[in-house]
Amino acid sequence: MKIPPLLVLLDVIGMVFIGIGLADYFGAIDWLPQSIRFEFIGFVLIFLGFLMTTPLIVWVIKNGQNSKGN
């Protein structure tokens with residue numbers, strides 16, 4: 001099964017967002033400039049990261065089921 005590079009890139013960027021969001025929320029590490037920060041930026045970054053990783057998971061599940069049937 002060959003995974004499309006765009007989905008891998010989207011997954012990596014999503015994981016970076018999740019990591020920054022977790023570091024911001026739990027570790028109080030402020031990586032983002034003050035001009036774009038707001039109260040719940042950690043939760044927003046975690047949610048956006050989750051949304052960005054979802055297409056790869058769906059693609060793997062869909063194509064994994066197709067390859068088992070063949």
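All heavy atoms count here, side chains included; hydrogens, waters and symmetry mates do not.
- Looking at T53 and F17, their side chains never come closer than 4.5 Å, going by heavy atoms from C-beta outward.
- By the criterion of side-chain heavy atoms lying less than 4.5 angstrom apart, applied directly or through intervening Ile, Leu, Val, Met, Phe, Trp or Tyr residues, V58 is not grouped with V8; the two fall into different hydrophobic clusters.
- Cluster membership check: L48 shares its hydrophobic cluster with L9, using side-chain heavy-atom separations under 4.5 Å among Ile, Leu, Val, Met, Phe, Trp and Tyr.
- Contact of the W59 side chain with the I3 side chain is registered, since non-hydrogen atoms from C-beta on lie closer than 4.5 Å.
- The cluster map of Ile, Leu, Val, Met, Phe, Trp and Tyr, joined by side-chain heavy atoms under 4.5 Å apart, puts I57 and I46 in different clusters.
- M52 approaches I13 most closely through the heavy-atom pair CE-CG2, 3.3 Å.
- Atom CG of residue N63 and atom NZ of residue K2 lie 13.5 Å apart, to the nearest 0.5 angstrom.
- A pairwise comparison of heavy atoms in G42 and D24 identifies N-OD2, 3.5 Å as the closest pair.
- Taken together through direct or relayed side-chain contacts under 4.5 Å among Ile, Leu, Val, Met, Phe, Trp and Tyr, V44 and I36 form part of one hydrophobic cluster.
- L10 and I20 end up in the same hydrophobic cluster when Ile, Leu, Val, Met, Phe, Trp and Tyr side chains are linked at under 4.5 Å.
- By the 4.5 Å heavy-atom criterion applied to side chains, L45 and I18 are not counted as neighbours.
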